[in-house]
Protein chains: 2
Amino acid sequence: MSTEYTGKAAQILDAAENRIRAGGFNAFSFRDVAGDVGIKSASVHYHFPQKADLGQAVVERYTAAFIASLGPPDDPAHTPAQRIAHLAAAYRISTIDRGAICLCCVLGSEAADLPVEVADALRRFFRRLLSWTGTALKTPGGHAVPELSEEAARQGANQVVSLLQGAMFLSILLKDNTHFEAAVKRLPALDFIHA
Amino acid sequence: MSTEYTGKAAQILDAAENRIRAGGFNAFSFRDVAGDVGIKSASVHYHFPQKADLGQAVVERYTAAFIASLGPPDDPAHTPAQRIAHLAAAYRISTIDRGAICLCCVLGSEAADLPVEVADALRRFFRRLLSWTGTALKTPGGHAVPELSEEAARQGANQVVSLLQGAMFLSILLKDNTHFEAAVKRLPALDFIHA
DNA sequence: GTCTATAATTTGATAGAC
DNA sequence: GTCTATCAAATTATAGAC
């Protein structure tokens, strides 16, 4: 499914994403996003009948864009360490530089109370992110470093994603980017990451 | 201020905390918590006039309890590594074992849209947590290991808290505790932590 | 596609009796 | 302290005109 949004639908998704990232799924209304876009709430319902539809679309568009921005996790032109550095840069661009927490981190915190479609889309985001990171760690690059075991790659991905996520959270909440930057600088010192 | 809650007030805080941890600040109403406790919503307003009051009280009670459960961060009877292991155990008890994300992680994600009293209480939680962890890392214990510099302790605390937080988030969201447990097992391998 | 109008429900909060 | 009753506002969502 090539779900590429344009025009008003894309603007609605932009507004909804910004609002969700500021306060969560229950902190915005159809009137809010309608106002942001310059239309009426009934028109938002035309594009996304239910709030759950809107939420799911926001998450899936975000997922596709973020994963795409990472590029292939197994390009032999790059080492695992370079790929992880790229992941960290992608995190920085979409969160730190915007002063807003990752969309899926916000929604993930509310998952138990979210419409199932949204919660499921959310879990897919993190599974894909962990999968990308695991592949990035275990696929040899450059001068063919020894491969990591499947299990080591899994644990390494967990460590990398957890650290980036937690550090991003602290940076945005405490309005102090040194939390994120210090964590990124320390990433190469983690186990599992081959230069 | 010895804000120790008992009776109905404590039950209201319990209910509010559970509801917030499931879906955030905007996902529960006075009627919800009233129903949980077995009273009417007007009675909840008697104990906590505004929703912001209730939110602030929940965060501050949570903060006091969590920090207290950690004990002193500079007890010479323990090594930094032991203190960090204790921190991880406290995290596990209050989140993994309950299947619910940390209260302040949920609210932190919504911080930009929260009443200022609640947002401020939230930031105090994380500052105290980082402070405790920094002290735990830099204070020698047992056989007097060399002290960490102030800056190294700060970065170490950032790394430890970020990792625990991120791993807890993934475990709860994906309903797979191995994320948290693997991260805890890897904690001693981090820099900054002295046996 | 966007609008007006409106339905049905929920929300945070208050007044006042007991 | 808890209740009933109530309010004003906001919410998701729909019907139907243009």
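Side chains are part of it too, since the values below use all heavy atoms of this structure and drop only hydrogens, waters and symmetry mates. Chain letters run A, B, ... following the sequence lines, proteins first, then strands; residues in each count from 1.
Taking the centre of each ring, B:Phe169 and A:Phe126 come in below the 6.0 Å mark.
Partners of B:Glu181 by side chain to side chain donor-acceptor pair (under 3.5 Å), not counting sequence neighbours, listed by chain and number: B:Arg92. In this structure, A:Phe180 has no ring-ring contact (aromatic ring centres under 6.0 Å, His included) partners at least two apart in sequence or on a different chain. In this structure, the ring-ring contact (aromatic ring centres under 6.0 Å, His included) partners of A:Phe30, at least two apart in sequence or on a different chain, are A:His45.
Near DNA chain D, meaning a heavy atom under 4.0 Å away, the residues from residues 5-22 of chain B are B:Lys8.
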Legend entry - side chain to side chain contact (heavy atoms under 4.5 Å, CB included) evaluation trace for B:Arg186 with A:Asp191: CA-CA 9 Å; B:Arg186 277 300 174 182; A:Asp191 301 339; 2.7 Å; yes
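Side-chain contact, B:Gln159 with B:Gln155: no donor N or O sits under 3.5 Å from an acceptor N or O. Neither side chain, B:Thr139 nor B:Arg83, offers a donor N or O lying under 3.5 Å from an acceptor on the other.
Atom CD1 of A:Ile39 and atom P of C:dT4 are 12 Å apart (whole Å).
Here the closest non-hydrogen pair linking A:Val59 and A:Cys104 is CG1-SG, 4.2 Å.
Distances shown here put every side-chain N or O of A:Tyr46 at or beyond 4.0 Å from the OP1 or OP2 atom of C:dT2.
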Legend entry - Contact pattern, 5' to 3', of nucleotides 4-18 of chain D - B, S or - by protein heavy atom under 4.0 Å: B-B----BBBB----
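Put simply, the side chain of A:Arg19 never gets that close to the backbone of A:Phe28: no donor and acceptor are under 3.5 Å apart. Side-chain atoms of B:Asp53 come within 3.5 Å of backbone atoms of B:Gln50 as a donor-acceptor pair (strictly under, hydrogens ignored).
Comparing the local axis fitted to the first five base pairs of the helix from C:dG1-D:dC18 to C:dC18-D:dG1 with the one fitted to its last five gives a bend of 10°, rounded to 10°.
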